[in-house]
Amino acid sequence: MQIASSWKRSAALLAAALLLPLLVACGGAAPAAEPTKAAEPTAAAAEPTKAPEPTAAPAEPTATAEAAAPASDPKSLKILYWQAPTVLNPHVSSGTKDFDAATVILEPLAHYNEKDELVAYLAEEIPTIENGGVAKDGTSVTWKLKKGVKWSDGTDFTADDVIFTWKYASDPKTAATTSSNYTIIKDITAVDANTVKITWAAPTPNPYGSFVSFSGMILQKKQFENCIGEKALTDAACQAANLNPIGTNAYMLKEFKPGDTVTYVKSPTYRNADKTAFDTVEIKGGGDATTAGNAVCQTAEADYAWNLQVPKAALEPILAGGKCQPIAGGSFGVERIVINFSNPDAALGKKRSEPSQPHPFLTNPKVRQAINMAIDRKAIVENLYGPTGVADCNILVVPESVNSKNTTCERDIEGAKKLMDEAGFPEKDGARADKDGKPLALYFQTSINTLRQGEQAIIKSNLKELGIAVSLKAVDAGVFFSGDVGIDDTLNKMYVDMQMYTNGPDGTDSAAYLEGWTCAKMNSAENKWNGGNDGRYCNKDYDALFAKYKAEFDTAKRTALAIELNDFLIKDNAVIPLVNRRTPNAIINGLVGPTYNTFDSGLWNIDSWHK
Amino acid sequence: MAANPADTTANDIAELANKKPRTLWGDAWRRFKRHRLAMFGSIVMIVITVGVLIGPYVWTVSREDLDFTAIMSQPVAAHPFGTDDLGRDQFARALYGGRISLSVGFAAMVIAVSIGTLIGAISGYLGGYVDEVLTFITNLFLSLPTLPLLLLTVYLFRNEVTAKLGLEFGMFVIVVVMVGVLAWMQTARIVRAQFITLKQKEFVEAAICLGVKRSDIMFRHILPNAMSPIIVAATLEIGNAILSESTLSFLGIGFPPDTPTWGRLVTDGSQFLQTTAHLALIPAALIFITVLSINFMGDGLRDALDPRSRL
Amino acid sequence: MTQYIIRKILVAFPTLLIISVLIFAVLALAPGDPLAQFALNPAIPASTRNRIREQFGLDKPWYVRYYKWSTSMVQGEWGYSFSSKSPVINIVMQRIPQTLQVVGISYLIAILIAIPIGVISAVKQYTFFDQIATFLSFIGGSLPSFFTGLSFMLIFAIHFHWFPIVYSTTLKITDFVTLKQAINQMVLPVLVLVVQQTASLTRFMRSSMLDNLPLDYVRTARAKGLNDWTVITRHVVVNSIIPVITLVALGIPGIFAGAIITENLFRVNGLGQLLVTSIQNSDTPVVMALSFIFSILVVIFNMIADIMYGIFDPRVKYN
C-alpha cells in the first residue's frame, strides 16, 4: 500500500513535469516556423534572376538560411554520398566511397584528370620516355618526388614512404584490395631521398600501373610500419590507423564515424596551405540518391552529391531545382549485350555452353549483325538513361584517345530483316525459323535493376520486329555477378543466348580488358568459368592482333592497335555495345573545381576546390 | 419493463416463440453490424479482395508492356493510376501487386495462427513440463528481434530459395514463412490461456469420461470454443504481415524489383515524389486502407465475439 | 519476492545462450557469401578474397567459430567489422547516442501524448472525442512509416524548407543557434516515430482503462463520495497504467533496435541504419553483435517487466 500511494503521487508529478516542457515546446515551435513561410515568396522571386551566375550568388544565403543547415558557409564544404565511407585506408577498402574519402587526406604520385591525363601530385613530374623516367624496354620507371612535402604530423615525405607502401600492399598477408597494383613490382630502390626507381616483375608497356590514381595513394611509413601482414587488420593500433591515416593532402581528419560521416579540417602542413579554400570538409554518407540530389539542388543543404544513379524521370526534376549543376562525363563502363557463341541448350547437360558446342545460329555473322542493327539505342538512351548515358557503338570508349571513330550503329530494321533473309531464316507470319522449321528463339538475361528491365523490354520488342522471339530473365545482382561456381545463373556460366551488363577497363591500359575476347580466356568448366570471355568468342585473327598489341611498347602505336581491336570486335559483332554510362554528380552553383573522372576519384583535385 | 410485468410477459413469450433462436455467431454478427467502422472495413476489404482477384481479367492492360509515348502519365481514363517512368500501367501493376500483398498477408497469417494454435493448445492442455518447455520457446521467440531477424533471414536465404523455386514464388515462400514463423507467439499465448480455462469446464470432463481421444478433445471440443480470440488475432496478423512485406520491399530486400507488390510500388514511386506524387501515394494509400480496414474489422470482431458483451 | 526475481534471472541465461546459438547458426549456415561485397569488385583477385577469408577465420566450421565468438564476446571482444576493419564495439558505441536521442525522445513524447488521450478516451467512451481519438489511432497504426516519412520530407523539407533533409550527426550543441539546429533536424524523424508509437499506446491505454472502469473498486470509490477526477486519477489510472508500463518496458529494446526505416530515410546514424547497411554489406560481425545486443536487451527488459508486474500487481504469484 505504501508503495502504491507513493507511486501514484510520483506518477502524477512525472506526468505534470513532463507535459509542461512539451506544451512549451509546441507553443514555441509554431511561431518560429512562421517567418520561414513568409520568406518563401522572396526565394521564388529570386528564381528568374538565377540564370546569370553572379546575381544568383547573393540570393543563395536567404534560401539556405531557411533550411536549418548552414551549407552556404564559404569556408565549409558538405559532400553527400549515398553509400557511407567505412574505412579511410584505401589499401584495405572495398569501394569507391572509401577510396574517395581517403583521397581527401592521402595522395598518390599522380592523379588522372577529366581528360584521362596524369597530373603530378606527390611526384615532381610525370615520368615519360622523353624525360628519361620510363625505360625504353618497359622494365622500369623512375619517379622524382616533390621536395618539401610534409605529412600532417610535420614529418617529411620521402622515398621510404613510397617503398613502404609497396611492401605493405604487396604482402599477401596484408590482403590489400589494391594488391594487384603492387605485386607487379619486382623491386623499388630509393635513388635518393626524393627519387624512386620501380623495377617491374615483367616488362610492361604501362609505366603507370602503381602509385597513381585512387589505388596508388601513399601511406606514411611511420604510422603503418608495424602493420604489414596480418596485423593490418587485427592489431588494435593498425585498426585505429586504418580509420585515421596521416596524409599529405590539403585536409586532415578531424572526426570519422564509420558508416556515417567523415569530417576533415585544413592541414597546416600542406605545401599550399595558404590556398586551401575550406576550413572544414564533411562527407556525409547514407540515405538514397534521390534525396541527396534534393539536398543539393533544392534545399542547398549540401554542396556536392555523388553518383545520382536514379531514373531519368526522377533526375530531371531534381536538377530543375536550379541551385545546382550536374557534371557527367567520362565513363562508368559500357552497357553491352554479350552474345553466346556456344550453345546454352539445357539438353546438352554438362556440355552446355562449353566452347566445344557452337551456337546453332548466333555463330552466323549475318544474324549477329541483324540483331545489332535491329536494336534501338536511341530509345534506350532517351527513355531510360537521359543525362546518365549516351548511345554507343564501341566496346572500348576510354581513355578518350582509344575511342574509335570508325564505327556506326544506326538502327536499320529493314536492312536487318534483309540480312536475316540472306542468312537463311525467312520470315513467316512475323516469325523466323531455320531451315528445319525450328523458330528462332533466344533467352536473354541480365541483373535485376529497373533500368535493365526497361532495356530488356525495349530489346525484346526490337527483336520481335525482326522475327526473333526473346524470353527474358532477370537475376538478382548478387547472384548474377557472384562468380559462384555452384550457381547456374551467373554471368560467367552464361547458360543463355544473350546477356547484358556494364563493364569497362579498370585503368588507362586496356590490355586486360581486351584480352577478354581471346580464345585462351574462354569460360569453360575447365577454368571454373573464370576466364573472362563469357561469350566464348574465339577468332584467330583477333588473337593475332591482340598478341601484336600486347608486344607493342610505343604509346601511339598501342593506341592505334587498341582502336583496331575495338573495330575488329564491332565489325564482327562479337559483342553489341549499347550505352556509354556516366555517373552524374550534382554540384551546387558557385562551387568551383569538381570535374568528372573515369579512372580516378571524383574528389581527385579536392585540394583546389573553392566557392 | 419492470414496471408492469404481467401485461408484457405473455406478448414477449409469443414474440420470442416466433423469433429464430439466438446463436453465438448470430449474436456476433448482429453486434458486428452495429460496429460502423468494422462494417466499413469489411466492405472495403471485400471490394479490394474481389478487385485484385477478378480485376486483371476485367482490366486487361498488361502490367509489363512499356509505352514510351505515355510515361509518367497523370491518372486518366486510360490509366486510372497513371503510368510510371517506363510507361507501365500502374493500375494493372497495383491489381497484380495487390494479389501478392494480400496473399502474403493471408498466407503468413495462416502459418502464424497454425503454429500459434498448435503450440498454445498443446501447452495449455497438457500443462506440466510440456507447458514449461513450450512457454519457454514462446518467450524465446518473443525475445528475438523481429524486424532485424526478418531482414537478415530473408536476405541470407533468398538466393538459395529463389534459385530452387523461381524468383517470384521463391520470394513469396521465404517472406511468408519468415513473417509467419516470427509472428505466432501472440496467438500461442492467447490459445494457451483459453485452453487452461476451458479444459476445466464440465463439457471437457464429460468428453474425457466418454473416452474421447485426447487430440479430439483438444481440436474438436476445446478449440471451437477458443475460436473467437483466435479469429481476432488472425485478422490483425494479416495487417501486420502486409506491413512487414511492404517494409521489406521498401528496403529492397523483398520481392524482385519487377514484381509490383504494393511496397515495391511505393519504393519505385518515391523517387518521383516531387513531380508525380501519385506514383507513390496511391500504392501507399492502398496499403494503408487495407491495413486500416483489417484493423477495423479486428476491432469489430473483438467487440462482437467478446462473451462479456453478449447480452 | 526475491526468489521470484532470482528465478526470472536464472531463466534469462539459457534464453540468451539459445538465442545466440540460433542467430549464429542462421548467419553461419546461410548460403550467401559473407564476402559478397568483395566478390562484386572485379579489382580484387580471388586469391586476395581467400586470404581475407582466412583472416576472418571464415574457413573454419561454424561451431568452432561460435565457440571462439561466444568466448570473446563474454570478454567484451566483439570482433571487428569486415567493412570498416575496426572493432565492432566502437562502431556500435558511436551509434547509440543518436538512436537514444531520436527514438528515445519520440518514445517519451508518444507516452506523454498517449496516456492522457487514452484515459480521456476511455472515460468519455463513445463520445466524439473518443471516436476521433480511436479513429486517429487506427490511422496512425496502419500507416507504413516509410509513407509518413516520405510525405513529411516532401512537405516540410523539400516544399516548405522548414526542416533539413539531411540529419547532421557531427552537430555539437554549443549555443542557442546550434541547439535550434539540433531540434530542427530532429523534428521530422521524431514526428514520424511519434505518429506510430502514439497510436498503439493510446489504444492500449484506452482498453486497459476500459477493463478497470466497470470494476467494483471504482464503484466503491464513487460510493465513498469521491469526485470523478479523484476516482479516475487516483484509482483507475493508477491501476490501468500497470500493464501499460509493462508494455512500455517491453518496447524499450525497440528503441535500441532503432527505427530502421526512419533512420535510413533521414540519414540518422543510429543502430537501425547500421543494421541495414551491415546486412547489405554482409558485415557479419556487426550484424551478429547487433542481433545479440537486441536479444540481451529484450531479455533484460522482459525480466524487468515481469519484476515490475510482481511489484505493482499483488495478484502475481511468486511461485
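Order of the sequence lines sets the chain letters (A, B, ...), proteins ahead of strands, with each chain counted from 1.
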Self-check item: Spacing of CG belonging to C/Leu154 relative to CG belonging to B/Leu281, to within rounding of 0.5 Å
Solution: 8.0 Å
Exercise. Let me know if C/Leu265 has heavy atoms under 4.5 Å from chain B in its side chain, its backbone, both or neither.
Key: side chain
Quiz prompt | B/Leu243, part contacting chain C, at a heavy-atom distance under 4.5 Å | solution = side chain
Quiz item: Under 6.0 Å from the CZ atom of C/Phe129, do we count more than 12 heavy atoms belonging to anything else shown?
Solution: yes
Quiz item: What residue, out of B/Ala284, B/Ala285, B/Ala280, has the most heavy-atom pairs lying under 4.5 Å from chain C?
Solution: B/Ala284
Self-check item: Per-residue contact mode, C/Phe138 against chain B (heavy atom under 4.5 angstrom)
Solution: both
Quiz item: Say you draw a straight line from CD1 of C/Ile139 to CZ of B/Phe296; how long is it, rounded to the nearest 0.5 Å?
Solution: 6.5 Å
Quiz item: Are side-chain heavy atoms of B/Phe136 and C/Ile18 found at a separation under 4.5 Å?
Solution: yes
Self-check item: Residue part contacting chain C, namely of B/Leu151, when any heavy atom lies under 4.5 Å
Solution: both
Practice problem: Kindly determine whether B/Ile287 and C/Phe147 satisfy side chain to side chain contact (heavy atoms under 4.5 Å, CB included), including the steps that lead there. | Solution: CA-CA 10 Å; B/Ile287 298 174; C/Phe147 180 46; over 6 Å; no
